[in-house]
**Q** 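Sharing a structure below in structure tokens format, with a few things to ask.
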Amino acid sequence: MHEDIRDIYNQEFGQAVKDYNAKQKRKDRRIKDYYSKIKNSKKTRTQYEFIVQVGNINDYRHDENRITSQTWQTSKKILENYFDNFQKRNPNLIPYNAVIHMDEEGAPHMHLNVVPVAHDLNAKQGVKVKPVLNKALAEEGFSISKKDNRKQWRDFQHREAEALADEALLYGITRKAGITNKLKDVRQYKQVMREIDDLEEQKSQIYTEFEDKKAQIDNLDQRELEISRREQAAANKETKNKNLDKEIRRKEFILNDLDQKEQNTRDNWSQWVRTTEKLTKKRRLGTPDDYLVVGTFGTVDKEASKRKIANLIDLAEHGKLIKEVEAENRQLRNQGIDQFRGFVRQEKRLGDEQRQRELEELRKKNKEQEEKIKDQQRQILQLRMFAEATVKTIRGIAKAIPEKAHALWQKIGSNLRKVGGKTYVKMNADEVKEANKGYSAETEKQKSIYNQRYNSRDLDL
């Protein structure tokens, strides 16, 4: 919107100026150009400028293409909707200029210029329609405080901030508490904002350095944890290796004992064979057994010969046992290594699966919680809008029928008492006062009904 402010002055104050001039008998007191009169006055201002913005520079810093950026375009839609509803909420603030800037550094924002229009029909002197902001806001329901001359403006500013937050909420953007500046001069405001941007940049650099240091510390902690885990695994492996070494040494002792026995048996057998062969070659009297029976050594006991043969059989069994022990040792070593490797693989797989499951569950819970919060916020917004519309409707009825105003507000308090609540939304102090009267009256009525029922119950008993 871009209109000539003089056209707004002619439209809003033209008739009132004509009525004023018609009553003036002296020509020098008549007003020729009301806009110039207000512009040259030191007590009044011709117009007021508001700057409306969603978020700050940090919310738009990473969007290079502002035309295709969803964040920039969403903010533009929010500001457009806010402006449309601003005219409906503020019939006494007439806009003549509204421009959204999306080509400057920082965030998209709107410059909104309005002319306040206050009607003082009971004024005995002067023009009865004037561009006075506090009186214009008073007509819209923002009361003037004698103790705090800025309370009216803060109430208006708070109402508009809530309206902007409601528009943003429709696009999934929630409001975050910030700061309220007390600067009156735009140049001073821009200078302070530049200083804030510099501080934000310094803060960002410090935060980046802090994050780097934190990442380094986290890496060190992770490394220490990994080293500790490896040391524990190595200690467990060393314990298993020690147990395997003990088992191997036991088997080796058995093998050495068997080897010694085998060697002794072989030595005895070799000596017996050599002796037998020597005697056989010397006498050539047949087989060694036959020779031992009738040899020069006298009668030889055959049972002794059988025992030697049995020793040969035992020797063969010893050889078989030695192979079994060696195979068992190899199996124990391979089995220990395979078990350790399998344990490491299983532990890693189970850990990864567990972390993945926990991460998925956490994401799912976060998503569900976000959906619940958004639903609640939408419900709150709908209830707030419904309550505001209701209050505006009742206020209009009360204005049209003044004699019924007190009864209407008291009826609201009475109805809230019936449903068990007491929350007044968008109501002025005098309206809340009347509603509290209705609330108290309904409370006394409920107490009286309860007492009557209680007394009648005692009589029945």
Side-chain angles (χ1 to χ4, degrees), residues 1-2 48-91 93 95-114 140 142 154-181 189-190 193 196-197 200 203-204 362-393 423 425-426:
M1 172 185 287
H2 187 69
Y48 290 84
E49 180 181 15
F50 306 143
I51 298 178
V52 187
Q53 177 176 309
V54 180
N56 55 38
I57 187 173
N58 295 325
D59 298 316
Y60 305 87
R61 191 186 300 274
H62 303 293
D63 293 327
E64 296 180 357
N65 193 330
R66 304 182 181 187
I67 298 177
T68 60
S69 170
Q70 183 178 359
T71 306
W72 282 78
Q73 295 303 320
T74 299
S75 298
K76 178 183 176 183
K77 293 177 182 177
I78 293 172
L79 293 175
E80 290 174 346
N81 295 338
Y82 168 81
F83 173 68
D84 292 338
N85 292 319
F86 178 87
Q87 299 178 85
K88 299 175 183 178
R89 288 191 304 272
N90 300 283
L93 303 179
Y96 71 91
N97 182 70
V99 181
I100 297 177
H101 288 179
M102 298 182 66
D103 56 347
E104 299 178 0
E105 292 186 2
H109 57 277
M110 177 173 62
H111 292 264
L112 176 60
N113 299 82
V114 301
E140 292 187 1
F142 297 98
R154 287 198 303 270
D155 292 342
F156 167 75
Q157 189 180 35
H158 178 68
R159 197 275 303 275
E160 290 302 309
E162 284 187 346
L164 182 62
D166 292 342
E167 298 292 347
L169 186 60
L170 297 177
Y171 290 88
I173 300 175
T174 56
R175 184 182 182 186
K176 179 181 179 182
I179 59 173
T180 302
N181 70 75
Y189 170 78
K190 290 184 177 180
M193 289 304 295
I196 290 175
D197 291 339
E200 286 290 340
K203 177 183 174 183
S204 177
L362 182 60
R363 289 175 177 171
K364 184 178 180 182
K365 289 181 180 179
N366 288 342
K367 188 174 182 181
E368 292 176 354
Q369 190 68 19
E370 289 176 358
E371 292 297 330
K372 290 183 180 178
I373 292 174
K374 288 183 179 179
D375 291 339
Q376 292 175 357
Q377 290 174 342
R378 292 191 186 96
Q379 294 176 5
I380 291 172
L381 175 60
Q382 293 176 356
L383 291 174
R384 185 187 298 169
M385 295 174 67
F386 175 76
E388 184 177 2
T390 303
V391 170
K392 286 184 177 179
T393 302
T423 302
V425 181
K426 304 294 184 181

**Q** Tell me whether Asn90 contacts the main-chain N or O of Phe86 through its side chain, where contact means a donor paired with an acceptor under 3.5 Å.
**A** yes
**Q** Indicate the atoms forming the closest heavy-atom contact of Glu80 with Ile100, along with that distance.
**A**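 Scanning both residues completely, I find the closest heavy atoms to be CG-CD1, 3.8 Å.
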**Q** Calculate, to the nearest 0.5 Å, the distance between atoms NE2 and CG belonging to His2 and Asn113 respectively.
**A** 9.5 Å
**Q** Between Met110 and Phe50, does a side chain to side chain contact (heavy atoms under 4.5 Å, CB included) hold up when you go through it step by step?
**A** CA-CA 8 Å; Met110 177 173 62; Phe50 306 143; over 6 Å; no
**Q** Side chains of Ser75 and Tyr171: is there a donor and an acceptor less than 3.5 Å apart?
**A**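 No, because no side-chain N or O of Ser75 sits under 3.5 Å from a partner of the opposite role on Tyr171.
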**Q** Could you grab the distance from atom CD of Glu167 to atom CG of Asp84, nearest 0.5 Å is fine?
**A**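 Between Glu167 CD and Asp84 CG, I get 8.5 Å after rounding to 0.5 Å.
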**Q** Is it the case that more than 12 heavy atoms not belonging to His101 sit under 6.0 Å from its NE2 atom?
**A**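 Yes, enclosed.
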**Q** With rounding to the nearest 0.5 angstrom, report the CD1 to CD distance, Ile51 to Gln53.
**A** 8.5 Å
**Q** Start with the C-alpha gap between Tyr96 and Leu112, add the side-chain angles, then the distance that decides, and say whether side chain to side chain contact (heavy atoms under 4.5 Å, CB included) holds.
**A** CA-CA 8 Å; Tyr96 71 91; Leu112 176 60; over 6 Å; no
**Q** May I ask you to check whether over 12 heavy atoms, not counting those of Lys392, lie within 6.0 Å of atom NZ?
**A**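 Result for NZ/Lys392: enclosed.
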**Q** Please check if the side chain of Asn81 supplies one atom and the backbone of Ile78 the other of a donor-acceptor pair under 3.5 Å.
**A**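 A pair under 3.5 Å: no.
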**Q** Can you tell me if Asn97 and Glu49 form a side-chain donor-acceptor pair at under 3.5 Å?
**A**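 No, Glu49 and Asn97 have no side-chain donor paired with an acceptor closer than 3.5 Å.
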**Q** Could you walk me through whether Gln73 and Lys76 satisfy the side chain to side chain contact (heavy atoms under 4.5 Å, CB included) test, starting with their C-alpha distance in whole Å, then the side-chain angles of each, then the deciding distance to 0.1 Å, before giving a yes or no?
**A** CA-CA 5 Å; Gln73 295 303 320; Lys76 178 183 176 183; 4.0 Å; yes
**Q** Nearest 0.5 Å, what's the CD-CG distance between Gln369 and Asn366?
**A**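 Nearest 0.5 Å value for the CD-CG distance: 8.0 Å.
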**Q** Between Phe156 and Phe142, how do the two ring planes meet: parallel, tilted or perpendicular, split at 30° and 60°?
**A**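 Phe156 vs Phe142 ring planes: perpendicular.
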**Q** Could you pull out the closest heavy-atom pair between Pro108 and Met102, with the gap in Å?
**A**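 The answer is CB-CG, 4.1 Å.
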**Q** Is it true that, when you exclude Gln70 itself, more than 12 heavy atoms of the residues, nucleotides or ligands shown sit nearer than 6.0 Å to its CD?
**A**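 No, CD of Gln70 has 12 or fewer neighbouring heavy atoms, counting only those of other groups under 6.0 Å.
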**Q** Closer than 3.5 angstrom, by distance alone: can the side chain of His109 be matched with the main-chain N or O of Ala107 as a donor-acceptor pair?
**A**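 Checked: pair present.
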**Q** Does this structure show an ion pair linking Asp375 with Lys372, if we count only N-O contacts that are shorter than 4.0 Å?
**A**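 No, no charged N to carboxylate O under 4.0 Å.
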**Q** Using a strict cut-off of less than 4.0 Å between a Lys/Arg side-chain nitrogen and an Asp/Glu carboxylate oxygen, indicate whether Glu140 and Arg89 qualify as a salt bridge.
**A**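 No, this pair does not count.
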**Q** Would you compute the distance between atom OG1 of Thr174 and atom CD of Glu370 and round it to the nearest 0.5 angstrom?
**A** 10.0 Å
**Q** Distance from Thr74 atom OG1 to Ile173 atom CD1, nearest 0.5 Å?
**A** 6.0 Å
